[in-house]
Visitor: 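Here it is, the structure, as structure tokens.
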Amino acid sequence: QDYTHDPNARAGGGIVVTYKDDVATLDPAIGYDWQNWSMIKSLFDGLMDYVPGTTELRPGLAESYEISEDGMTFTFRLRPGVKFHNGREMTAEDVKYSLDRVTNPATQSPGAGFFGSIAGYDAMSDGSATSLGGVEVVDPLTVRITLSRPDATFLHVMALNFASVVAREAVEAAGDDFGKQPVGTGAFKLAEWTLGQRLVFEKNADYWRAGVPYLDTVTFEVGQEPIVALLRLQNGEVDVPGDGIPPAKFVEVMGDPEQAARVVEGGQLHTGYITLNVNTPPLDNVNVRKAINMAINKERITQIINGRAVAATQPLPPSMPGYTEGYEGYPFDPEGAKALLAEAGLADGFDTELYVMNTDPNPRIAQAIQQDLATIGIRASIQSLAQANVIEAGGAGNAPMIWSGGMAWIADFPDPSNFYGPILGCAGAVEGGWNWSKYCNEALDAMAVEADGITDPAMSGARMAKWSDVYMGVMEDAPWVPVFNEQRYTMKSPRMGGDDALYVDPVSIPVNYDYVYVTE
Amino acid sequence: MAAYLFRRLAQAALILLGVSFITFFLLYALPADPVRQIAGRSATAETVENIRRQLGLDQPFVVQYWRYLSGLVQGDLGRSYLQKSEVSELIAARLPATLLLMAGAILCELVVGLTMGIIAALRRGTATDNALMITSFVGVSAPQFVVGLLLLYVFAVKLGWFPIGGYGTFAHLVLPSITLGILGSGWYSRMMRSSMIEVLRQDYIRTARAKGLSRRRVILRHALPNAILPIIAMIGIDIGIFMGGIVVVESVFGWPGIGQLAWQAIQRVDIPIIMGVTLVSACAIVLGNLLADIVTPFIDPRIRVR
Amino acid sequence: MSDTSFPETRPQGALARLARRKLAVLGLVLIGLAVGCAIFAPFLTSYGPDEQHFDGLTIEGAPLPPGGEYLLGTDLLGRDLLSRLMHGARTSLIIGVVANGLALLIGTLVGVTAGYFRGWIGSVLMRFTDLMMAFPALLLAICLAAIFQPSLWIVALVIALVNWVQTARVLYTETTSLAEREFIAAERALGAGHVRILFLHILPHLVPTIIVWGTLGISTTVLLEATLSFLGIGVQPPTPSWGNIIFENQTYFQAAPWLVFLPGAAILVLALAFNLVGDALRDVLDPTQRGRD
Amino acid sequence: MTALAQTQPGAVKAPGAEPVLSVEGLTISVRTESGLHPLVSDMSFALERGRTLAIAGESGSGKSITSLAIMGLLPPPAVRVTGGSIRLGQTDLTALPEEALQRIRGNRIAMIFQEPMTSLNPVMTIGRQLTEAIEAHEALGRDAARALALQALRAVRISEPERRLGQYPHELSGGMRQRIMIAMALALRPDVLIADEPTTALDVTVQREVLELLRDLQRDLGTAIILITHDMGVVAELADDVIVMQSGRMVEQGTVEQVFTAPREPYTRALLAAVPRMRPAAPAPVAQAAARGQVVARLSDVEVTFDVRGGLFGRVTHRVHAVAGVSLDIREGETVALVGESGCGKSTIARAMAGLVPFRGSIEIGGKRLGGTAADLRAARREAQLVFQDPMAALDPRMRVGDLVAEPLVIHGIGTAESRRARVVDLFERVGLSRRHVERYPHEFSGGQRQRICIARALALEPRLIIADESVSALDVSVQARVLDLLRALKEEFRVSYLFISHDMAVVDNIADRVAVMYLGQVVELGTRAQVFGSPAHPYTRRLIEAVPVPDPRHQRQPSARLDTEIPSPVRRLGDPPPRLRLRDLGNGHVVAEDTALHPTA
Ligand SMILES: Nc1ncnc2c1ncn2[C@@H]1O[C@H](COP(=O)(O)OP(=O)(O)OP(=O)(O)O)[C@@H](O)[C@H]1O
Ligand SMILES: Nc1ncnc2c1ncn2[C@@H]1O[C@H](COP(=O)(O)OP(=O)(O)OP(=O)(O)O)[C@@H](O)[C@H]1O
Ligand SMILES: [Mg+2]
Ligand SMILES: [Mg+2]
């Protein structure tokens with residue numbers, strides 16, 4: 001329909017994908033990791049979906065949908081004849097059950113907050129209701145969802161993994177272990193799971209989308225060190241290294257034309273940034289924050305990570321709608337930065353701390369930042385800690401500066417709003433929140449709400465312009481130093497077929513398993 | 001023997017209790033909040049508190065510990081915060097692999113270490129002795145990650161003798177065992193050398209030689225069993241030292257053991273898993289020591305009577 | 001009543017005899033070298049250890065191999081490896097010598113006290129040792145280091161706190177059997193106090209074991225420090241230590257072997273140097289070994 | 001050298017017989033920091049089948065070193081053969097490679113070592129240690145080897161030989177271990193058997209048996225024996241030929257009759273003169289002088305038990321009643337000898353008196369009660385000095401002997417460094433060592449020399465009481481005599497008292513004022529020397545006296561009943577203490593146990 005099938009594609013065969021970390025769960029309400037995100041996408045479907053390899057929405061389990069005039073009511077018509085892996089036909093009841101489940105606090109879903117705009121969400125989250133009032137089953141193939149406030153991103157939310165439709169009886173049968181025995185409507189079903197070793201996905205022969213998936217099986221091998229995974233790829237044992245090309249091997253791979261040819265490069269919805277805690281003197285002085293912005297040599301930092309990124313000028317990555325074209329950001333200007341500092345009465349600089357997560361290459365990047373800061377007299381000592389400790393310090397507001405790498409924002413869905421709320425808005429600037437700058441600008445918050453109130457698809461241009469203004473406003477206050485937007489580099493084995501875009505799919509990371517195929 | 005075992009097991013239980021208390025306390029004092037990891041970044045403060053309450057993490061330390069302990073005596077290690085499954089299940093799935101790896105490593109370090117130690121003791125002061133000493137120090141000083149990758153690269157990728165990581169067959173076990181065992185073999189060879197030198201001075205070695213036994217027999221049948229006695233106690237100690245190495249070796253070789261599980265849990269403060277792994281490894285250490293103490297009398301009849 | 005004895009040579013002091021062993025002297029020289037580096041590194045190097053040089057990386061961001069302007073090459077941030085190694089000597093010596101020494105001291109104290117006194121003191125100490133031994137060392141280090149603010153001295157302390165256990169265990173066993181020896185009873189019969197017996201008659205016999213554990217402990221502790229810094233609870237970057245240089249770069253060991261093998265060699269040489277001195281010292285202190293070389 | 005020149009070769013060589021072993025000009029040297037120094041020089045002798053050659057001589061004269069050289073087992077790397085030859089039949093052993101030596105050792109030459117306690121592998125069964133020696137030299141199956149081993153055990157007349165095969169060395173007593181060593185050495189019927197002090201560590205009764213055993217075996221198998229000993233009594237009983245050594249050289253060589261009846265060398269004469277002999281039993285003169293001094297040490301009803309743990313929770317189930325109620329007074333200037341079989345509790349009494357083992361009852365030394373305050377204990381320890389049974393074990397191997405001897409002075413804060421040094425040198429000279437020895441370490445001395453160091457150490461504090469536990473047993477007669485003289489002189493000079501523990505009745509007879517005979521932890525007879533030796537009242541005492549070897553080759557000994565059973569054990573169940581013996585006074589302080597039920601042969 002909206003995606004033209006690859007004419008060279010042939011069905012059959014299997015591939016092997018590796019990951020370093022184990023897969024925690026395949027429960028769509030809970031899974032929120034690098035490695036299970038796309039697995040869940042292949043096991044489950046939501047009402048909405050994206051065109052493979054792009055950020056374009058398309059209907060999923062919903063055949064069609066209607067949005068009311070005021071943009072507050074969404075009526076989804078379900079596709080008939082869609083079957084769960086257990087053979088039962090999917091109905092509107094399942095949709096409602098799934099949304100109730102994900103928003104029920106007992107589920108402890110890390111994605112529950114995304115559904116905050118559905119009417120009745122608050123009652124769910126404080127435990128006074130067990131069912132979302134805003135989700136109605138009209139008939140077995142129709143679901144009506146009413147919002148409590150206009151939300152332009154709602155269709156994206158319905159495409160999130162968290163909104164996947166699950167089979168009630170399977171959830172109830174499995175109890176707490178649904179994440180190990182997932183039953184969905186997706187292109188693949190789970191055939192084998194050996195804890196700590198391997199998961200095997202098997203083609204869902206009854207899949208409702210015609211022609212896909214091509215592959216008979218996808219085998220995930222977990223616990224594989226990225227370097228070793230690459231060795232195995234070079235040896236023909238692995239088709240896709242899920243964690244990408246390890247930095248240590250990047251130069252070697254790119255230096256070998258035969259291997260470089262199989263490297264796929266693509267953008268991703270990612271920004272690496274430094275948070276500057278606006279409550280911690282002297283970072284509470286906007287000029288100091290600007291000076292820091294001007295002191296960071298972003299080109300140098302991209303060089304350190306072997307040029308696998310492009311320097312960033314603003315919070316949003318370039319491929320995100322709402323990105324402000326032509327905005328130069330703060331220029332690299334140590335002299336100017338020094339002048340600004342002197343103006344702020346800090347000609348001699350000051351002492352501060354820079355928190356960073358302890359996995360390569362983040363400590364290295366932090367050291368580069370440290371050196372840049374040193375040139376303008378800021379003496380930052382590095383606190384290189386385990387992820388949990390950095391998040392703790394950030395949430396508590398103890399960290400003057402944090403380099404976001406390793407925990408950085410990769411968008412959940414391709415919409416500018418996704419970069420604002422929890423990490424730049426006032427809502428996140430509380431104790432324990434993810435807004436580590438503790439930056440709170442009420443005016444911008446209001447503007448953000450306004451922007452998301454524009455639900456008319458026709459007005460989306462205006463909405464994006466508004467978002468652009470919000471981020472420009474943020475840049476004015478400089479609570480962040482946007483450093484770079486990471487490029488994704490993946491490799492594939494020679495036998496892998498399919499459009500390159502499928503390997504750097506902005507949504508199905510790292511690969512869209514449903515649409516790739518093998519050539520032999 | 002049964003009485004002895006009973007006493008030792010009671011002692012072991014006490015030690016485990018101590019370990020569980022200290023670990024629980026340290027994790028409680030740790031400046032990282034597991035709830036924030038569970039709740040995710042879109043969560044509101046309310047949700048966070050909600051989850052905290054559900055997990056009972058808002059309770060005072062003593063209550064939390066008591067609850068953990070009561071679960072423990074029923075064999076319930078709790079549920080992982082992030083993996084969302086029973087810790088006992090997660091550990092059970094991975095424990096055999098780790099035990100296998102440990103066994104392989106112990107075998108490897110014993111064979112390599114003891115051989116090196118014996119040869120060094122016999123060739124004391126010669127170039128061979130010096131070369132072996134340097135080798136054992138290389139073993140002790142070499143970072144395991146690099147050793148593992150190096151072995152993998154040479155013997156698996158280049159020579160193709162072994163699979164490139166993985167788990168299942170004997171061939172899979174060889175390289176990880178060697179990697180893990182190299183460090184210990186350095187220690188063993190040094191200990192063995194001292195011990196052997198000491199034993200070789202004993203009168204009964206002279207007696208054995210006076211009987212006209214071959215050199216080989218004197219070494220293997222008379223000196224070795226005596227020299228190995230102080231080493232056996234080391235094996236128990238060893239298991240504790242292994243835990244660090246196991247994390248690295250398992251990740252290099254894609255070995256599905258508890259090391260990787262522990263590593264991820266530590267990174268993300270998944271307390272039930274950390275607790276579980278700690279207790280299991282403490283168990284292994286305690287049992288290892290116990291085993292060493294049980295085996296020793298089989299070799300040394302002098303302590304059998306006690 | 002003469003007997004077949006040889007003209008007595010005046011026994012020389014232990015130091016003089018040590019000095020006659022070439023290997024021991026070599027060891028001393030190497031240790032001196034490391035200490036020299038640790039103290040005088042700032043005056044000996046032409047680049048600062050933390051200076052990131054623009055020309056220290058290739059265009060693709062790869063480090064430079066040894067030779068050329070940077071004698072031992074550069075690291076992934078374009079810093080001079082030689083300078084980092086020389087400055088790293090300070091951290092590594094503190095860990096390998098001070099922390100390891102402290103661990104040895106605690107271990108010896110606990111093991112010897114428990115083994116000599118037995119009774120309730122011994123029981124309490126040994127049960128505590130068993131407890132500590134059952135505790136995965138790495139986890140303990142991680143927790144302790146995370147609870148305290150990491151600094152070099154805290155790390156040294158933590159390492160000492162987790163590393164004394166094995167020494168204590170081994171020395172305990174040895175002390176118990178030593179305490180049973182007849183000459184200890186003879187000393188007691190003479191009226192010698194506990195302190196005298198412990199220091200003059202028990203400790204000297206433990207020297208070989210202490211030396212073996214002490215010298216092997218050097219590499220172990222230096223690498224443990226690296227593991228801790230790798231976990232973000234050791235010495236914080238950019239402060240170099242031999243261990244953390246290895247850990248920072250270990251995945252690059254094929255692309256940039258010098259970043260792993262040179263600091264590795266430094267650790268090895270340090271440990272070997274101590275071992276050479278230790279071995280010689282042991283032989284010199286052990287009268288039954290006189291007459292060898 | 002002169003001694004050797006005077007020796008007629010025919011004195012040793014029986015005409016016509018080919019010697020099995022001949023040693024020619026053997027020189028053994030030690031490498032030291034100042035070069036090579038000879039330990040044994042120019043040793044020559046020949047040994048024929050069926051004969052016994054005794055090598056006697058003072059301690060440290062090179063007897064053990066010589067025998068090790070014959071076995072090719074000199075301690076590496078410092079000690080080596082630097083000259084001469086050792087010929088077994090036609091083969092020169094010094095030139096043989098290790099492999100060839102292996103075939104000879106155990107098979108054609110076997111050796112019994114000086115220390116039976118440590119010479120067996122503690123972790124191997126007796127059976128295995130025996131059979132492997134057999135299997136190493138003869139192509140036999142397990143069963144055949146086992147049969148041979150059993151036969152060897154029977155030959156040494158050990159009780160329950162089958163059971164012994166499965167036992168470990170620590171389960172056997174010293175005497176039994178020594179028999180095992182002999183069985184091992186004889187299993188393959190070697191041409192030459194070297195026995196290095198085979199009986200020094202044993203008490204008289206066992207010594208008797210072992211000597212008779214050797215004689216019988218030699219008669220049956222025709223083995224040539226080299227017997228190394230410092231005990232001239234043993235030499236006289238067993239040897240055919242004798243070599244006397246001094247300072248690494250042979251000074252005299254001849255048949256046993258020649259040497260005993262017509263010693264040529266002054267040293268030999270001195271040696272023989274020094275041999276202690278049992279004085280002919282004379283009826284006890286009434287009321288001896290020694291007994292009337294002040295009491296230095298008083299033991300009343302001393303009991304020492306050791307717990308044996310077992311069962312659930314490691315409870316005490318058995319007790320070793322090492323000392324079961326001993327009362328004894330030692331007066332100023334008096335020497336009390338304590339005699340008795342191995343394991344009867346002699347050393348335990350000594351240890352209790354030194355405050356080394358807990359005891360019940362009371363021990364007072366110099367008026368201070370042991371078990372009182374720490375200060376009392378310290379004072380008592382100054383008053384009473386213990387000379388340990390095993391000199392090697394009692395000296396810290398890592399200290400110089402000079403420092404060891406000075407240590408008591410340091411501990412009790414006596415004198416300055418200089419005065420202590422002077423005192424040490426003085427003490428060394430008094431016990432027959434030279435000032436040059438002061439800087440050496442214990443392992444560089446022979447067994448007898450070490451014993452003298454221990455004695456010097458005990459003398460350092462000028463104590464009022466010296467407890468000498470088998471202190472002269474390891475010494476050669478001449479040194480023994482000197483040490484005994486020394487002890488006597490000290491007694492005269494300082495009125496030192498002695499508790500003299502020994503199994504050598506001849507020595508005891510020479511030194512003791514009073515004698516206490518112990519059996520299984522209790523005193524069975526106590527009286528003056530004359531009373532006990534002159535009119536022994538207890539059968540056990542009589543047995544002990546009979547067993548003493550007589551240093552006269554013409555002395556004919558009537559064969560005595562052999563004791564194959566073990567000594568009754570002092571290990572008893574909890575709550576079942578051994579019955580106390582009642583002592584009967586025979587008058588004049590001569591007491592004897594009434595109950596003879598405990599008598600071993602009864
Ligand atoms: N390992 C050694 N290193 C140096 N000197 C030694 C060594 N062993 C023995 N000696 C010396 O060699 C000499 C002879 O010793 P040997 O053991 O043969 O004496 P012995 O005649 O057997 O004395 P004893 O009757 O006391 O056993 C002694 O002076 C001793 O000090
Ligand atoms: N520490 C101990 N624990 C248990 N039993 C012991 C201990 N010390 C001695 N015994 C036992 O006590 C008894 C007496 O031993 P002791 O050493 O006093 O004998 P002894 O008369 O000196 O013999 P020897 O002549 O062989 O030296 C022996 O049966 C011995 O096995
Ligand atoms: Mg000798
Ligand atoms: Mg004794």
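First the proteins, then the strands, lettered A, B, ... as listed; each starts at 1. On a predicted model such as this, the values are computed, not experimentally measured, just so you know.
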Visitor: With a 4.5 angstrom heavy-atom cut-off, could you sort out which part of C/Q254 is near chain B: side chain, backbone, both or neither?
Guide: side chain
Visitor: Could you tell me the separation between the CG atom of C/L131 and the CD1 atom of B/I285, rounded to the nearest 0.5 Å?
Guide: 10.5 Å
Visitor: Out of curiosity, B/F137 CZ to C/L270 CG, how far, rounded to the nearest 0.5 Å?
Guide: 10.0 Å
Visitor: Nearest 0.5 Å please: distance from the CG atom of B/L150 over to the CZ atom of C/F253.
Guide: 4.5 Å
Visitor: Return the option, out of B/Q144, B/R190, B/R193, with the maximum number of heavy-atom pairs under 4.5 Å with chain C.
Guide: B/R190
Visitor: What part of C/L216 is in contact with chain B, defined as an atom under 4.5 angstrom from a non-hydrogen atom: side chain, backbone, both or neither?
Guide: both
Visitor: Please list, chain by chain and in numerical order, all residues satisfying side-chain hydrogen bond (donor to acceptor under 3.5 Å, both in side chains) with B/D270, sequence neighbours excluded.
Guide: B/S80
Visitor: Counting heavy-atom pairs closer than 4.5 Å to chain C, which one of B/V286, B/L279, B/T278 comes out on top?
Guide: B/T278
Visitor: So which part of B/S136 gets closer than 4.5 Å to some heavy atom of chain C, the side chain, the backbone, both or neither?
Guide: neither
Visitor: Taking every non-hydrogen pair under 4.5 Å, which of C/L276, C/V222, C/N275 racks up the most with chain B?
Guide: C/N275
Visitor: Using heavy-atom distances under 4.5 Å, tell me whether C/L223 contacts chain B through its side chain, its backbone, both, or neither.
Guide: side chain
Visitor: Taking B/V277, B/V247, B/V140 one by one, which has the highest count of heavy-atom pairs under 4.5 Å against chain C?
Guide: B/V140
Visitor: Quick one, B/W187 and C/V212 - any side-chain contact, counting heavy atoms below 4.5 Å?
Guide: no
Visitor: Which value, rounded to the nearest 0.5 Å, describes the distance between B/I15 atom CD1 and C/F128 atom CZ?
Guide: 12.0 Å
Visitor: Going from OG on B/S141 to CD1 on C/I218, what distance comes out if it is rounded to the nearest 0.5 angstrom?
Guide: 9.0 Å
Visitor: May I ask you to check whether over 12 heavy atoms, not counting those of B/F25, lie within 6.0 Å of atom CZ?
Guide: no
Visitor: Quick one, B/F145 with C/T251, criterion side-chain contact (heavy atoms from CB on, under 4.5 Å). Give me CA distance, side-chain angles, the key distance, then yes/no.
Guide: CA-CA 8 Å; B/F145 186 88; C/T251 54; 3.7 Å; yes
Visitor: Assess whether side-chain contact (heavy atoms from CB on, under 4.5 Å) is satisfied between B/N289 and C/R169, documenting all intermediate values.
Guide: CA-CA 11 Å; B/N289 282 328; C/R169 185 83 232 180; 6.0 Å; no
Visitor: Check each atom of B/A142 against the heavy atoms of chain C and say whether the ones under 4.5 Å are side chain, backbone, both or neither.
Guide: backbone
